[in-house]
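Let me begin by presenting the structure, written as structure tokens, before commenting on it.
Read the numbers this way: they start at 1 and go in the same order the structure lists the ligands and their atoms.
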Amino acid sequence: MIIAVDGPAASGKGTIARALARHYALPHLDTGLLYRAVARRLLDDGSDPADQDAAAAACDFDDALLGDPRLKADDAGKVASIVSAHPAVRAALIERQKRFARQDGGAVLDGRDIGTVIAPDADAKLFVRATSAIRARRRHDELRKAGSALSYDRVLADLKARDLRDTTRAAAPLRQAPDAVALDTSFLSVESAISHAIEIVERCR
Ligand code: C5P
């Protein structure tokens, strides 16, 4: 069984994808980490993320980089949304993701284009959303706990800029697949979001 989970930043898609993977004992890939890894390499080299050739060259990285805690930082997320708009970057990372989705027994993948591009034949597709104010509140709380002093307003503005880049780019923009089921987590606890997600998968399989 292949489960595709898409949605914008801080919608809860990562938490839901991890819980589904645990529930169904499936391997899980957070595909945002791939774009964050490319971003991290460019940040470390001082390369311009707008330079498509430099970004494409940075796609040839070892899986070990995916465990680097610095990939979770805000700068890597912001630069990831710039590099992910380059068609050459998406092309370089697509096969890795498709291979993960095709493995025996199935998989759970979360990202922006899983249901539309990476696994259009997924058995269950969820599109996770939440209002931008609530997503910014969640992200701000996370960052504060990690020691960041960024203001809520700044986090909200960054999130909106990221949403705009992710939804308006020409290459694999963030959008709900026609056969995906929407799940709005704005007013749900983590536990009820997860049980709704399991119900959706049960209905689809
Ligand atoms: O999900 P996460 O916030 O880690 O993703 C970081 C960035 O990577 C996103 O803003 C998006 O631009 C890009 N991304 C993407 N396609 C995916 C996953 C992430 O374009 N499947």
Open item on the list: Which residue is it: Arg165, Arg162, Arg169? I am looking for the one with a side-chain hydrogen bond (donor to acceptor under 3.5 Å, both in side chains) to Ser81.
Closed with: Arg165
Task: Nearest neighbour in protein (non-hydrogen) for atom 17 (C) of ligand 1 - done: Arg112 N, 3.4 Å
Open item on the list: Can you report which non-hydrogen protein atom sits closest to atom 18 (C) of ligand 1, along with the distance?
Closed with: Thr31 OG1, 3.4 Å
Task: Candidate pair Lys13 and Phe127, rule side-chain contact (heavy atoms from CB on, under 4.5 Å), full reasoning - done: CA-CA 8 Å; Lys13 67 182 187 315; Phe127 193 80; over 6 Å; no
Task: Reference residue Val83; test side-chain contact (heavy atoms from CB on, under 4.5 Å); the match among Cys59, Ser47, Pro49 - done: Pro49
- [ ] Please report which non-hydrogen protein atom sits nearest to atom 7 (C) of ligand 1, along with the residue it belongs to and the distance in Å to one decimal place.
- [x] Ala80 CB, 3.7 Å
TODO: May I ask you to decide if Ala130's main-chain N or O and Thr185's side chain share a donor-acceptor pair within less than 3.5 Å?
DONE: no
Open item on the list: Under 3.5 Å between any N/O of Arg169 and any N/O of ligand 1: does that happen in this structure?
Closed with: yes
- [ ] Would you mind finding which of Arg36, Arg162, Lys13 brings a heavy atom closest to atom 4 (O) of ligand 1?
- [x] Arg36
Open item on the list: Under 4.0 Å, heavy-atom basis, I'd like to know which part of Ser84 is in contact with ligand 1: side chain, backbone, both or neither.
Closed with: side chain
Open item on the list: Taking the basic N atoms (NZ, or NE/NH1/NH2) and the acidic carboxylate oxygens, is any pair closer than 4.0 Å for Asp141 and Arg138?
Closed with: no
- [ ] For ligand 1, find out whether one of its N or O atoms is nearer than 3.5 Å to an N or O atom of Asp166.
- [x] yes
- [ ] Say whether Ser186 and Asp184, considering side chains only, have a donor N or O and an acceptor N or O under 3.5 Å apart.
- [x] yes
Task: ligand 1 contacted by Arg165 (non-hydrogen, < 4.0 Å) - done: no
TODO: Do me a favour and list the nearest non-hydrogen protein atom to atom 16 (N) of ligand 1 with residue, atom name and distance?
DONE: Arg90 NH2, 3.0 Å
Task: Crowding at CG, Asp44 (>12 non-hydrogen neighbours, <6.0 Å) - done: yes
